[in-house]
Amino acid sequence: QYLFFGSSYTNQQNVIAVIQSETFEATSVAGKCLTFWYVIRGNQLGRVDVSITNNDGSTMIWSLGTADQGERWQYASVGY
């Protein structure tokens, strides 16, 4: 399954899309890891941030700037 967010169809700035998952427990005591695939292509791109939110607030654990990443799917693995 995948999600698609197209940003080329709007003239608005500061448009934000939020993907929120259900809460789940870590499967390892050694640490936690989030893995996902993404494609970021085109011009006039924004930024992609991944944050963890809990009762204490929100912490950004991964971020990618505005550069075109091309047509290929990229793999990301973030330990936190």
Side-chain angles (χ1 to χ4, degrees):
Q1 297 179 351
Y2 67 93
L3 295 171
F4 172 78
F5 292 97
S7 61
S8 60
Y9 302 110
T10 179
N11 291 331
Q12 299 177 7
Q13 293 183 350
N14 299 321
V15 175
I16 298 172
V18 176
I19 304 168
Q20 183 174 348
S21 75
E22 63 183 84
T23 302
F24 55 91
E25 296 297 321
T27 58
S28 169
V29 242
K32 302 170 188 162
C33 182
L34 172 69
T35 60
F36 56 96
W37 291 82
Y38 64 91
V39 173
I40 300 175
R41 60 188 170 103
N43 56 9
Q44 300 179 350
L45 300 172
R47 201 174 77 210
V48 177
D49 298 329
V50 176
S51 298
I52 300 295
T53 303
N54 58 27
N55 293 337
D56 297 327
S58 185
T59 303
M60 186 185 316
I61 60 170
W62 186 85
S63 183
L64 183 63
T66 60
D68 183 334
Q69 300 293 307
E71 300 274 335
R72 298 181 65 188
W73 286 93
Q74 307 290 322
Y75 179 77
S77 178
V78 184
Y80 57 98

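- For L34, the side chain to side chain contact (heavy atoms under 4.5 Å, CB included) partners two or more places apart in sequence, or in a different chain, are F36, V50, I61, Y80.
- Residues satisfying the side chain to side chain contact (heavy atoms under 4.5 Å, CB included) criterion with T35, sequence neighbours excluded, are C33, Y75, S77.
- Taking the side chain to side chain contact (heavy atoms under 4.5 Å, CB included) definition, one finds that T59 meets it with nothing, sequence neighbours left out.
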